[in-house]
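Have a look at the structure below, then the notes.
Order of listing sets the numbers, starting from 1, for every ligand and every atom in it. Quick caveat, the model's predicted, so the values are computed rather than measured.
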Amino acid sequence: MSKLAVNDLQLHGQRVFVRVDYNVPMEDRDGQMVINDTTRIKETLPTLKLLIDKGARIILAAHLGRPKGQREPSMSLRPVAVKLQEMLGKPVAFVGDCVGSEAEQAANALKTGEILLLENVRYYNEEEANEAGFAEKLSRLADVYVNDAFGAAHRAHASTEGVARLISSRGGKCAAGLLMERELKFLGDELDKPARPFVVILGGAKVSDKIKVIDRLLEKADAILIGGAMAYTFKLAQGLKVGKSLVEPDKTDVALAALAKAKQRGVKFLLPVDNTVVTPFKTDRLDKKGRPVMELTNPRNNTDPNIPDLEEGVDIGPATAKAYAEEIKRAKTILWNGPMGIFEDKRFAPGTNAIAQAVVEATKTNGAKSIIGGGDSVKALNKAGLGDKVTFMSTGGGASLEFLEGGELPGVAALSNK
Ligand code: AMP
């Protein structure tokens, strides 16, 4: 069912509650919180400009960090209001609460085209609990609801779900913002009826995180290419040795079921034919969680199907990267989620970078639609300076995975149907 979009609405003089994703990285510099990356703010500007053009009275709500119900000053959205004002070139009012008389007065005082940013909704525990009374207080601020925070739409919180239900029950419209609309288009409509061949690339740490996505995509894809530590659970399931690689031994049955389904449906299911392996050593240093830091030494390419007992797989090897790139270059639709190795360490980034290059090339020369399903693959593309050379990069991590699993996200379900 397609959802109402902000373009469908008449908004002149209406109070519009807009849930945005302003969970921006911040840093304390000499006692002042400074925003390190303004991407998330910038991404909301088209929706805000459209709302201004439509004569809406705009009330912005967002969360920042995890204040756990406390008024934690370092997690105030006040610096975001200042930055938004600067980026928009238009005044942005700020109110130090998200509910109550002060917030209500500020919302009611807005004139057409004016903007108000509310304080962090997570200063209240009731936000994450989706507490009915709190959602009701939020709903008093507005006549119409717009959700432009796809990254938070998999959570049924008061500002992402409860408030929309209440506004809707009063006859108010609830619509997707421009950012949200794009997410639904690319992760939803485009993948429902993909141009073929449809090639899916999946990597990352765990099979368990992605098995539902694999299962669903086995119904649609022509080929699935597996990388990351996930590949080692598949190896183990096939009776091969994985040495000290990151694996989930209790998920081999799930891996075997996926392999069987691929065979039955005639989906090409490719696993790495070579890997970069290292010899890990425990050091005396501890990481932030108090675990010993591992030194990954002696990187080499391993073409043997088995990984020796004392070694660990950390990236796909060059032969695998080449085989995967061939498959990707023929694709008309590409979905990529998860890195091919521990790409944060540049010694183990070549596999992920080779995939990124192939995706970019298929987009440019084969007219493929390339859709990047959020999280670390987006980071990897941006790190390689290729972020603007793919068709679409999702802004959601957990939300995009849940959406790709086929379930309806609470924040999307709460929007009005067209
Ligand atoms: P995910 O959030 O599931 O997409 O996983 C991303 C993480 O998987 C990244 O931090 C990578 O460093 C990690 N990763 C990818 N390949 C490997 C590997 N072979 N061994 C250990 N971690 C890996």
Quiz item: Using a threshold of 4.0 angstrom between heavy atoms of the protein and any atom of ligand 1, which residues qualify?
Solution: Gly204, Ala205, Lys210, Gly228, Ala229, Tyr232, Leu246, Gly313, Val314, Gly338, Pro339, Gly341, Ile342, Glu344, Asp376

Practice problem: Rounded to the nearest 0.5 Å, what's the gap from CG on Leu246 to CD on Glu312? Could you check? | Solution: 7.5 Å

Exercise. Look up atom CZ in Phe198 and atom CD1 in Ile371, then write down how far apart they are to the nearest 0.5 Å.
Key: 7.0 Å

Self-check item: Phe134 vs Tyr124, ring pair (Phe, Tyr, Trp, His ring centres under 6.0 Å): CA-CA, chis, key distance, verdict
Solution: CA-CA 9 Å; Phe134 179 72; Tyr124 290 87; 5.2 Å; yes

Self-check item: From Leu191 atom CG to Arg216 atom CZ, the distance as rounded to the nearest 0.5 Å
Solution: 8.0 Å

Practice problem: Please tell me if the side chains of Leu84 and Leu117 come closer than 4.5 Å, counting only heavy atoms from C-beta onward. | Solution: no

Quiz item: Should Arg291 and Asp287 be marked as a salt bridge (Lys or Arg N to Asp or Glu O under 4.0 Å) after you check the CA-CA gap, both sets of side-chain angles, and the distance that decides it?
Solution: CA-CA 5 Å; Arg291 292 171 308 202; Asp287 68 11; 3.3 Å; yes

